[in-house]
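Below: the structure, in structure tokens.
Hydrogens, waters and symmetry mates play no part in the numbers below; they use all other heavy atoms, side chains included.
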Amino acid sequence: MTARTLVAATAAAFALSTVTEAQTSFTLDDLLPGGSTYEQLRPEDRAYHWEGNTLVEGKKEEKKCEQLPDEARHVDLSDVSGHRAYTVKGNLFVLTADGNTLQVSADGSTDDSENIVYGTSVHRDEFGINKGTFWSNDGEQLAFYRMDQSMVPSYPLVDITTRIATTKTCHYPMAGEESHVVTVGIYKVKEQRTVWLHLQGDEGLPGQHPNDYHTNLSWSPDGHTLYVFELNRAQNHMRLVAYDSETGMPCGTLYEETHEKYVEPMTGLSFLPWDDTKAIIQSQRDGFNHLYLLDLKKPSSLQQLTKGSWVVQQLVGFNKKKKLVLYLANTSDPRTKTLYSVDMKGRTKALGDERGVHYRVTLNDDGTQALDCYTSPDVPRCINLINTSTGKGKNLLTAADPWAGRIVPEITSGSIKAADGQTDLYYRMAKPVGFDPAKRYPTVVYVYGGPHLHNIDASWHWCLRGWELYMAQKGYLIFVLDNRGAEWRGREFEQVTFHRLGIVEREDQMTGVNFLRSLPYVDTDRIGVHGWSYGGYMTINLMLTWPEVFKVGVAGGPVIDWQYYEVMYGERYMGTPQSNPEGYEKCDLKQRADRLKGRLQIIIGGDDPVVVPQHALSFLRRCADGGTHPDFFVYPGDEHNMFGHDRIHLHERITQYFEDYLK
């Protein structure tokens with residue numbers, strides 16, 4: 001792979017010197033979710049589901065329950081027992097298979113305060129948490145979260161739908177401030193009683209430890225034990241603790257992991273179907289996320305199953321007959337996602353094409369067959385049935401190119417060196433439609449830059465976003481670079497940003513810009529930048545750091561000052577404002593608001609509960625104080641992202657800003 005470019009033209013992606021009358025352009029409605037014609041221009045898909053070991057075409061019919069109240073939320077069905085857990089306001093209930101309603105909690109909030117809530121996701125959905133109830137294998141025990149937020153300040157958001165504007169609130173624990181308290185209970189359905197876990201803290205002592213995080217709850221197959229990954233608030237010491245489901249008392253610590261920066265447990269235990277005494281645990285302990293075999297009888301003897309300078313992206317399941325673990329990983333290229341198997345001796349085998357992205361894989365009951373949905377730069381969508389023992393497959397669908405006959409720019413992917421001069425960074429470039437190498441084009445850098453996300457992979461058109469294609473139609477060159485700090489490249493790559501968010505990332509992005517400036521067809525006097533959320537932070541960061549380089553920027557939902565961001569995410573990467581004051585100050589964009597020179601538009605949702613409006617408003621105040629003049633637009637009533645027609649409107653506005661000031 002060269003430092004310049006690795007051209008991988010997609011099926012319809014090639015340089016167009018002329019455009020025939022038969023070809024048509026795209027509209028934003030064609031390219032963006034919520035657009036009126038968006039679904040018509042997506043690759044053909046086909047629904048399948050497993051019934052035991054039989055593959056059935058069509059969507060799985062959802063089991064409806066008319067006995068649930070209309071206000072029921074967070075419904076969680078046990079397929080084994082037929083019991084359903086659900087919440088109403090802040091309380092938790094169980095509707096049994098025979099139609100009895102059991103109230104699990106009574107002290108949850110029944111108003112809009114949400115001071116105490118049961119059965120919902122906690123810790124602001126960090127650490128892989130996306131739900132708040134967990135059935136045992138037999139469906140007769142329900143582990144659940146209880147979250148007390150009463151001590152967390154209620155952040156005010158303005159509701160303009162009332163005759164006189166009122167406020168609605170959300171509990172928002174900011175970095176360094178008091179956080180919510182989470183406890184874990186187990187409801188015994190047959191006995192109609194709750195057992196509370198005597199959660200342990202960082203010191204290994206039972207009792208209440210309000211600053212700790214309790215994540216990735218996992219049941220033992222026999223239901224006698226509940227396993228909890230516990231993390232101290234500093235997030236540098238993780239312990240896997242076993243709890244007796246009858247008494248709630250800790251049975252012992254099975255595994256511990258510490259790191260000078262942070263440890264981030266994202267998945268629970270996955271027990272071997274053929275051996276209840278062993279489970280798979282995932283860890284970055286050797287620098288890359290890999291699979292380890294944990295023997296519960298001898299937890300000190302941890303066996304590493306996968307190894308290498310690549311990451312396991314997902315544990316898919318097990319081939320029970322051959323005793324294989326099935327997983328997705330980027331072994332061949334950081335941009336890929338391929339299905340593999342590994343046996344109990346660490347011997348691996350690729351299952352399917354290693355060039356692209358296998359984005360949806362489901363298994364039959366015994367794990368001998370996998371329904372594999374696949375895409376690559378030149379394959380819109382492919383669905384195969386794969387034998388997980390041999391790797392042999394049967395094609396069920398190869399989608400035609402839905403963009404055939406449309407005007408598609410040349411799309412390439414390649415690599416350059418990071419600011420350290422050593423690390424490979426991958427990029428995507430979309431050249432203007434009708435590209436002429438003798439011309440010089442306005443260029444827009446699209447950026448995210450933060451953790452837990454990537455922009456470039458080996459999916460269709462190299463994961464091109466619809467807006468990028470739209471801008472290429474309008475004569476712009478679009479460049480996207482995954483800097484250090486992005487996901488799926490290993491611990492060192494991700495943690496280089498520790499305690500200094502935005503500093504290494506901007507240096508890497510500027511390396512990408514210098515690469516662009518070396519290209520004869522890039523107009524170096526017309527370079528713009530755009531990003532959302534962390535990308536909004538990076539957009540403003542780049543414009544303030546190199547005001548002479550970036551002429552125009554559009555920053556959506558931008559973080560401005562990390563002390564205004566939430567405890568879990570913010571403290572993992574930045575520590576607290578009390579422990580890392582210098583880092584917070586260096587990363588605070590308000591400190592450099594007077595350096596703004598180019599045209600900058602800031603766009604936010606008026607009711608954003610993720611990056612609260614205080615970020616943008618505090619920056620605007622500092623700009624006024626410093627004599628700089630950004631533009632500002634608010635979507636009243638919208639939260640962190642825009643949906644439906646507002647999404648179309650948003651991208652019309654972003655596009656027009658570049659048309660007005662960059663082109």
Side-chain angles (χ1 to χ4, degrees), residues 8-13 39-61 270 273 280 291 305-306 310-343 347-404 411 413 454 456-464 488:
T10 61
E39 293 296 332
Q40 300 170 24
L41 289 169
R42 298 188 70 196
E44 179 189 359
D45 202 353
R46 194 172 295 168
Y48 294 93
H49 70 275
W50 292 104
E51 293 183 2
N53 285 323
T54 303
L55 185 65
V56 179
E57 188 169 355
K59 292 184 178 180
K60 185 176 182 179
E61 186 176 345
S270 297
I280 300 296
L291 304 179
L305 292 179
T306 61
W310 44 269
V311 301
V312 171
Q313 297 151 311
Q314 180 185 340
L315 174 61
V316 176
F318 303 92
N319 180 323
K320 300 174 185 177
K321 290 187 176 181
K322 296 293 185 178
K323 298 183 179 180
L324 301 173
V325 183
L326 306 171
Y327 62 96
L328 296 168
N330 59 358
T331 302
S332 60
D333 185 304
R335 295 168 292 182
T336 63
K337 190 176 187 179
T338 304
L339 181 63
Y340 295 91
S341 69
V342 61
D343 64 17
R347 295 173 295 197
T348 63
K349 180 181 178 67
L351 305 172
D353 198 316
E354 293 185 87
R355 293 177 302 160
V357 173
H358 299 250
Y359 61 91
R360 188 174 68 231
V361 180
T362 59
L363 304 176
N364 63 350
D365 269 8
D366 61 18
T368 57
Q369 299 286 329
L371 182 67
D372 175 37
C373 299
Y374 163 82
T375 176
S376 70
D378 56 356
V379 176
R381 193 188 316 274
C382 187
I383 302 178
N384 295 315
L385 186 62
I386 295 178
N387 183 307
T388 60
S389 300
T390 65
K392 295 181 179 179
K394 173 185 176 182
N395 180 250
L396 302 178
L397 170 70
T398 298
D401 183 356
W403 293 356
I411 306 156
S413 181
H454 68 280
I456 295 93
D457 63 35
S459 58
W460 192 39
H461 294 298
W462 295 104
C463 200
L464 182 79
W488 293 353

Rounded to the nearest 0.5 Å, what separation is found between the [atom1] atom of [X] and the [atom2] atom of [Y]?
X: Leu326; Y: Tyr340; atom1: CG; atom2: OH; value: 13.5 Å
X: Thr368; Y: Lys321; atom1: OG1; atom2: NZ; value: 5.5 Å
X: Tyr327; Y: Leu291; atom1: OH; atom2: CG; value: 7.0 Å
X: Thr390; Y: Lys349; atom1: OG1; atom2: NZ; value: 7.0 Å
X: Asp365; Y: Lys320; atom1: CG; atom2: NZ; value: 5.5 Å
X: Asn395; Y: Asn384; atom1: CG; atom2: CG; value: 5.0 Å

Worksheet entry | Mutual orientation of the aromatic rings belonging to Trp403 and His461 [parallel < 30°, tilted 30-60°, perpendicular > 60°] | parallel

Side-chain donor-acceptor contact under 3.5 Å, [X] with [Y]:
X: Tyr359; Y: Gln314; answer: no
X: Asp378; Y: Ser376; answer: yes
X: Asn319; Y: Ser389; answer: yes

Worksheet item: What pairs with Ser270 under side-chain contact (heavy atoms from CB on, under 4.5 Å), at least two apart in sequence or on another chain?
Response: Ile280, Leu315, Phe318

Tell me whether [X] contacts the main-chain N or O of [Y] through its side chain, where contact means a donor paired with an acceptor under 3.5 Å.
X: Asn330; Y: Trp488; answer: yes
X: Asn53; Y: Asp366; answer: yes
X: Ser332; Y: Glu354; answer: yes
X: Thr336; Y: Thr338; answer: no
X: Thr388; Y: Gly367; answer: yes
X: His358; Y: Asp353; answer: yes
X: Arg381; Y: Glu44; answer: yes

Practice prompt. Applying side-chain contact (heavy atoms from CB on, under 4.5 Å) between Cys463 and each of Asp457, Ile456, Val357, Thr375, report the one that passes.
Written response: Asp457

Identify the heavy atoms of [X] and [Y] that sit nearest to each other, and give their distance.
X: Lys60; Y: His49; result: N-ND1, 3.5 Å
X: Pro43; Y: Trp460; result: CG-CZ3, 3.7 Å
X: Ala370; Y: Val361; result: CB-CG1, 4.0 Å

Discussion item. Are there over 12 heavy-atom neighbours, none belonging to Glu57, within less than 6.0 Å of that residue's CD?
Written reply: yes

Can you confirm whether [X] sits close enough to [Y] that some side-chain heavy atom of one is under 4.5 Å from a side-chain heavy atom of the other?
X: Leu396; Y: Leu371; result: yes
X: Lys392; Y: Ile386; result: no
X: Leu55; Y: Asn364; result: no

